[in-house]
Amino acid sequence: MAAENNNRTVSDVNNHDESVSFSHITAVATGWMSDFMFLSLCRRFKEGKREEFNETLSAFQTIQKLSLKRNEKAKICDFLARVMHGKLLDVQFGDDDSVMPLMSAARLWSDLKNTVADESLFKNVAILLIVQSVAVCLEKGERSSASSALRWFGNNLELPQGLRVKLSKIVAQVETYHPFLMSFSFSRLLETVQSYLDAYLEKNPSDYLLKAASKMVQSSHKTEGLEDEGSRDSSLSKKASDVTEDRKKGNTTCHRPKRKLLSTINTDVWKPDTCKKHHFSLRRISSNASELSQMTENSPDTKKVQKTRKPPQKWTSQLDKYLKDGVKRHGQGKWSRILMDYDFEGRTGTMLKDRWRVLRRAHEVG
């Protein structure tokens, strides 16, 4: 049956309407796939899953290579990538290593102005990008980088004079937790960008392939349910027929079917190497669309899987400072929020909670 379906598919491709150019068909199909990957990328951004975001971005860029030109959705994806990595000062987009991710995002945002229907929303995102470019540097203890970011904005983008004076004073006094920075937080930036994406997707639907796939999945589930019900009814009918036949022959003994106590299904199924999940690791991010998310695919035969992060090492005074600052900012118990604000070198929320307990026992915190 599978071979018959495959042959029919190949036949359908070979016998398509000659009046329609296959290159045009390819362009339409590519557009559908591109829209689906764009929608998936927006979802990964909303979920805040960086690794899944990078994998989806890589797939989106591969599909984009089949297109004749880059569209605005490709620019939006480039913008989202920079915001997604906004807390990482060691990630570089472009040749200038002094331009941090949020600074690069601000430059791209000015090019996306025509995609924003709400003027106030555009200005809010622009201000949030500028403020967080400075705030992230201060959080990392990089005062000189914060000053450099302000100078860069003054030279390359329109920086309101009042905002520049306020941020300059904050940087000079190293007020990492200044109320102004707290009101224009990184979480607020993510929420505002998400509202932009919601409005854009509502105006530019990209869910044709998603809806088609959803209908296919729902249809297959219904078909499987009908097949199971049909086989069950057939089995019951056969059993009833057998009982009736026995009674006609005078056999009054009722033979009940034996119940299986153990499943006979072999759970130790051999799987070929091609079924193994591939592992990826992010090396470096560049502004070039083909190099933006270089993923190195490990061989499936490799016995030891390369980890993307080194195992957590000994707690340093700098990490303790991040933890204390995070609790001061978000409150005790908000470990997931604290993890978003600082780089704890692969540690989890549980590790932060345990370390906080150690600091309390040592009377280093209140």
Side-chain angles (χ1 to χ4, degrees), residues 34-65 67 69-89 91-96 99-136 149 152-153 156-159 184-204 206 282 284-294 340:
S34 180
D35 282 350
F36 177 75
M37 296 312 301
F38 175 75
L39 196 63
S40 301
L41 198 70
C42 292
R43 181 167 184 171
R44 296 306 185 191
F45 179 86
K46 183 176 183 178
E47 294 171 347
K49 297 179 178 179
R50 188 181 300 158
E51 292 187 5
E52 289 86 344
F53 179 91
N54 289 332
E55 293 176 0
T56 307
L57 179 63
S58 178
F60 176 81
Q61 291 168 348
T62 301
I63 295 174
Q64 279 290 300
K65 291 179 182 178
S67 303
K69 61 180 180 179
R70 282 170 53 84
N71 53 25
E72 64 183 19
K73 290 181 180 178
K75 294 181 180 179
I76 293 174
C77 289
D78 290 344
F79 168 74
L80 294 180
R82 286 153 173 79
V83 176
M84 194 69 167
H85 296 81
K87 287 279 188 178
L88 306 179
L89 300 183
V91 174
Q92 181 181 340
F93 291 86
D95 298 329
D96 190 352
V99 178
M100 291 168 287
L102 291 181
M103 297 162 61
S104 182
R107 181 155 49 191
L108 276 176
W109 182 244
S110 61
D111 296 336
L112 293 172
K113 187 174 183 178
N114 62 327
T115 67
V116 188
D118 190 347
E119 181 68 22
S120 62
L121 178 64
F122 176 81
K123 291 181 179 179
N124 286 339
V125 173
I127 293 175
L128 282 163
L129 289 170
I130 296 171
V131 173
Q132 276 304 302
S133 295
V134 174
V136 169
W152 183 89
F153 279 112
N156 294 273
L157 297 174
E158 294 183 6
L159 180 60
F184 290 91
S185 62
F186 191 80
S187 59
R188 181 180 172 184
L189 169 62
L190 296 179
E191 292 172 359
T192 310
V193 172
Q194 184 59 51
S195 63
Y196 157 71
L197 289 177
D198 292 341
Y200 181 85
L201 288 173
E202 183 176 356
K203 186 178 180 180
N204 303 274
S206 307
L282 181 62
R284 185 177 181 273
I285 299 178
S286 172
S287 60
N288 188 304
S290 62
E291 299 176 355
L292 180 57
S293 182
Q294 295 182 5
M340 292 179 62

*Asks:* Does a side-chain heavy-atom distance below 4.5 Å link Leu39 with Arg43?
*Replies:*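 They are not in contact (no side-chain heavy atoms under 4.5 Å apart), so the answer is no.
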*Asks:* Less than 4.5 Å apart, any side-chain heavy atom of Leu129 and any of Arg82?
*Replies:*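 Leu129 does not reach Arg82 side chain to side chain.
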*Asks:* Mind checking the CD-CD spacing from Glu55 to Glu52? Nearest 0.5 Å is all I need.
*Replies:*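 The CD atom of Glu55 sits 6.0 Å away from the CD atom of Glu52.
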*Asks:* For the side chain of Asn71 and the backbone of Ala74, is there at least one donor-acceptor N/O pair under 3.5 Å apart?
*Replies:*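 Yes.
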*Asks:* List for me each residue that meets ring pair (Phe, Tyr, Trp, His ring centres under 6.0 Å) alongside Phe53, sequence neighbours excluded, and say none if there are none.
*Replies:*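 Applying ring pair (Phe, Tyr, Trp, His ring centres under 6.0 Å) to Phe53 gives none.
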*Asks:* Counting neighbours of CD on Glu119 that are heavy atoms of other residues, nucleotides or ligands and sit closer than 6.0 Å, is the number greater than 12?
*Replies:*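 Yes - once you tally the heavy atoms of other residues, nucleotides and ligands closer than 6.0 Å, there are more than 12.
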*Asks:* Can you list everything that forms a side-chain hydrogen bond (donor to acceptor under 3.5 Å, both in side chains) with Ser187? Sequence neighbours excluded, please.
*Replies:*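 Ser185.
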*Asks:* Quick one: are Leu157 and Met103 in side-chain contact, heavy atoms under 4.5 Å?
*Replies:*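 The answer is no; the side chains never approach within 4.5 Å.
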*Asks:* So, for Ser104 and Val99, which heavy atoms are closest and what is the spacing to 0.1 Å?
*Replies:*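 Looking at all heavy atoms of both residues, the shortest contact is N-CG1, 3.8 Å.
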*Asks:* Is a side-chain N or O of Gln64 found less than 3.5 angstrom from the main chain of Ser34, in a donor-acceptor match?
*Replies:*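 It does not hold such a pair.
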*Asks:* Is there a donor-acceptor contact under 3.5 Å from the side chain of Ser195 to the main chain of Thr192?
*Replies:*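 The answer is yes, because a donor-acceptor pair under 3.5 Å joins these two groups.
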*Asks:* Go through the structure and list residues passing ring pair (Phe, Tyr, Trp, His ring centres under 6.0 Å) with Phe36, not counting sequence neighbours.
*Replies:*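 None.
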*Asks:* Should His85 and Asn54 count as side-chain neighbours, where that means a heavy-atom distance under 4.5 Å?
*Replies:*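 A side-chain contact exists here, since the closest heavy-atom pair is under 4.5 Å.
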*Asks:* Looking at residues at least two apart in the chain, or sitting in another chain, which of them share a ring pair (Phe, Tyr, Trp, His ring centres under 6.0 Å) with Phe186?
*Replies:*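 Phe186: no ring pair (Phe, Tyr, Trp, His ring centres under 6.0 Å) contacts found.
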*Asks:* Mark yes when over 12 heavy atoms from residues, nucleotides or ligands other than Glu47 sit less than 6.0 Å from its CD; otherwise mark no.
*Replies:*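 Yes, because the 6.0 Å sphere around CD of Glu47 holds more than 12 heavy atoms from other groups.
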*Asks:* Can you tell me how far CG of Leu80 sits from SG of Cys42, rounded to the nearest 0.5 angstrom?
*Replies:*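 Here the rounded value is 6.0 Å.
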*Asks:* What's the spacing between Phe38 CZ and Ile76 CD1 if we round to 0.5 Å?
*Replies:*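 So the CZ of Phe38 and the CD1 of Ile76 are separated by 4.5 Å.
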*Asks:* Would you mind telling me which of Lys46, Met340, Met84 makes a side chain to side chain contact (heavy atoms under 4.5 Å, CB included) with Leu190?
*Replies:*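 It is Met340, the one option of Lys46, Met340, Met84 that forms the side chain to side chain contact (heavy atoms under 4.5 Å, CB included) with Leu190.
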*Asks:* Once ring pair (Phe, Tyr, Trp, His ring centres under 6.0 Å) is applied, do any residues pair with Tyr196, and if so which ones, sequence neighbours excluded?
*Replies:*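 So Tyr196 forms a ring pair (Phe, Tyr, Trp, His ring centres under 6.0 Å) with Trp109.
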*Asks:* Does Asn124 reach the side chain of Asp118, with side-chain heavy atoms less than 4.5 Å apart?
*Replies:*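 A side-chain contact is absent here, since even the closest heavy-atom pair is not under 4.5 Å.
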*Asks:* Are side-chain heavy atoms of Phe93 and Leu108 found at a separation under 4.5 Å?
*Replies:*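 Result no, sub-4.5 Å side-chain heavy-atom pair not found.
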*Asks:* Please test Glu72 against Lys75 for salt bridge (Lys or Arg N to Asp or Glu O under 4.0 Å), starting from the C-alpha separation and ending with a verdict.
*Replies:* CA-CA 5 Å; Glu72 64 183 19; Lys75 294 181 180 179; over 6 Å; no
*Asks:* What pair of heavy atoms forms the shortest contact from Leu102 to Ser133, and how long is it?
*Replies:*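 Minimum heavy-atom separation between Leu102 and Ser133: CB-OG, 3.3 Å.
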*Asks:* At their closest point, which heavy atom of Pro101 faces which heavy atom of Gly86, and how far apart are they?
*Replies:*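 Of all heavy-atom pairs spanning Pro101 and Gly86, the closest is CB-CA, 4.0 Å.
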*Asks:* Looking only at non-hydrogen atoms, find the nearest pair between Ala106 and Phe153 and report the distance.
*Replies:*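 That closest heavy-atom pairing would be CB-CE2, 3.6 Å.
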*Asks:* Which value, rounded to the nearest 0.5 Å, describes the distance between Leu197 atom CG and Thr115 atom OG1?
*Replies:*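 Here the interatomic distance stands at 9.5 Å.
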*Asks:* Which value, rounded to the nearest 0.5 Å, describes the distance between Gln61 atom CD and Leu41 atom CG?
*Replies:*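 Those atoms lie 9.0 Å apart.
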*Asks:* How many angstroms lie between CG in Leu57 and CZ in Arg44, if you round to the nearest 0.5 Å?
*Replies:*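 Answer for the CG-CZ pair, Leu57 versus Arg44, is 13.0 Å.
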*Asks:* Not counting sequence neighbours, which residues clear side-chain hydrogen bond (donor to acceptor under 3.5 Å, both in side chains) with Arg107? List them please.
*Replies:*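 Checked Arg107 against side-chain hydrogen bond (donor to acceptor under 3.5 Å, both in side chains); zero matches.
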